[in-house]
2 protein chains.
Amino acid sequence: MTYDYRHMVALADPTRRQVFELIAANPRSVTELARLLPVSQPAVSQHLKVLRDARLVRAEPRGASNIYHIDPEGLGEMRAWLDSMWTDALGAFRDAINTKRETKVCRQPPR
Amino acid sequence: MTYDYRHMVALADPTRRQVFELIAANPRSVTELARLLPVSQPAVSQHLKVLRDARLVRAEPRGASNIYHIDPEGLGEMRAWLDSMWTDALGAFRDAINTKRETKVCRQPPR
DNA sequence: GATAATCATAAGTCATAGCTTATCATAATC
DNA sequence: GATTATGATAAGCTATGACTTATGATTATC
């Protein structure tokens with residue numbers, strides 16, 4: 001199974017994180033989000049598109065408004081990736097620990 | 001507790017993800033990584049710095065080389081965030097579902 | 001039906017982040 | 001000790017992505 005890291009990309013931007021966290025705290029409309037943030041309404045809509053594509057949020061039309069709320073799907077996909085990473089990579093990590101040889105430390109590793 | 005999303009930022013870049021996945025598959029030196037990737041050695045070093053700061057990888061000096069391997073710390077922090085997100089946000093999500101009113105769907109939600 | 005409100009998309013600007021080459025520091029080898 | 005190998009950092013260039021204003025589409029309201 002191949003993972004495209006859409007969630008990481010979506011959550012890498014600070015403003016988009018604020019949008020996501022505001023929605024996580026409470027479902028909200030686009031204008032409400034725009035009012036709470038220091039960016040324009042189109043900027044918010046653009047961020048919402050990215051979050052939507054990552055299935056981190058969902059839009060629910062309510063009259064002329066769009067109420068956005070958390071979508072469990074995206075978080076679930078992240079969890080699945082993290083779990084497989086955990087078992088695979090950390091399994092390999094444990095192996096590396098166990099078969100590690102004695103090495104005299106000659107210098108400091110980078111910062 | 002406040003989370004700074006360093007891991008997401010680190011894993012948002014495609015080249016940096018390749019670096020991470022190569023290391024996850026097998027501990028490797030910087031030159032080996034540079035040989036396997038279509039970018040220069042300094043580029044690899046710069047990516048490694050970001051991954052290091054996010055505690056996703058660790059450097060282990062072995063002679064003149066630096067062998068990089070997975071650091072469980074970063075993945076653990078990610079898991080902690082995801083778990084809290086899961087309980088908090090999805091708890092709120094369930095509440096929203098339960099108290100949801102009947103709404104006639106008047107238009108399609110955005111793509 | 002006209003007006004107002006909400007929100008998505010288009011087009012264009014600009015700052016940031018990732019890349020390069022150049023260089024320095026440290027460790028191994030002859 | 002001189003040379004080679006390894007890798008981190010510096011400085012500068014450039015492409016990507018986040019922002020803006022403008023606009024169109026849909027829904028509610030008068």
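Just so it is clear: chains get the letters A, B, ... in the order the sequence lines come, proteins before strands, and each one is counted from 1. Quick note: numbers below take in every heavy atom, side chains included, and nothing from hydrogens, waters or symmetry partners.
A/Arg52 contributes no side-chain N or O that, together with a main-chain N or O of A/Ala59, makes up a donor-acceptor pair within less than 3.5 Å. Formation of a donor-acceptor pair under 3.5 Å by the A/Asp13 side chain with backbone atoms of A/Arg16 is found in this model. Under a 3.5 Å cut-off, the side chain of A/Arg17 and the backbone N or O of A/Ala12 do form a donor-acceptor pair. A donor-acceptor distance shorter than 3.5 angstrom exists from the side chain of A/Arg28 to the backbone of A/Leu22, with no hydrogens or angles considered.
Whole-Å rounding puts the A/Glu60 CD to C/dA8 C1' distance at 18 Å. B/Ile23 has its CD1 atom 12 Å from the P atom of D/dG7, to the nearest Å. For the pair B/Arg62 CZ and D/dG7 P, the interatomic distance rounds to 12 Å; values are reported in whole Å. One atom, CZ of A/Arg28, and another, C1' of C/dC7, lie 18 Å apart when rounded to the nearest Å. In this structure, A/Leu51 atom CG and D/dA18 atom P are separated by 11 Å, rounded to whole Å. If you measure from atom CG of A/Leu33 to atom C1' of C/dA8, you get 14 Å, rounded to the nearest angstrom. Between the CD atom of B/Gln108 and the C1' atom of C/dA8 there is a distance of 15 Å, given to the nearest Å.
Counting only heavy atoms from C-beta on, A/Tyr68 has its side chain closest to C/dA8 among D/dG7, C/dA8, D/dA8. Counting only heavy atoms from C-beta on, B/Arg52 has its side chain closest to D/dT9 among D/dG7, D/dT9, D/dT6. The side chain of A/Ala64 lies closest to D/dA28, out of D/dA28, C/dC7, D/dT9.
With salt bridges taken as basic N to acidic carboxylate O contacts below 4.0 Å, one links B/Lys49 and B/Asp53. A/Glu73 has no carboxylate O lying under 4.0 Å from a charged side-chain N of A/Arg58, or vice versa, which leaves the two without a salt bridge.
Using a 4.0 Å heavy-atom distance criterion, B/Ser45 is classed as a base contact.
Side-chain nitrogen and oxygen atoms of B/Thr31 include none within less than 4.0 Å of the OP1 or OP2 phosphate oxygen of D/dA5. Of the side-chain N and O atoms in B/Asn66, one or more sit less than 4.0 angstrom from OP1 or OP2 of D/dA8.
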Please enumerate all protein N or O atoms sitting under 3.5 Å from an N or O of nucleotides 13-20 of chain C, with distances to 0.1 Å.
residue : atom : partner : partner atom : Å
C/dG18  : OP1  : B/Arg16 : NH2          : 3.3
C/dG18  : OP2  : B/Arg16 : NH1          : 3.3
C/dC19  : OP1  : B/Thr15 : OG1          : 2.8
C/dC19  : OP2  : B/His47 : NE2          : 2.1
C/dT20  : OP2  : B/Ser40 : N            : 2.8
C/dT20  : OP2  : B/Ser40 : OG           : 2.7
C/dT20  : O4   : B/Gln46 : NE2          : 3.0

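In this structure the side chain of A/Met78 never reaches within 4.5 angstrom of the side chain of A/Leu82, judged on heavy atoms.
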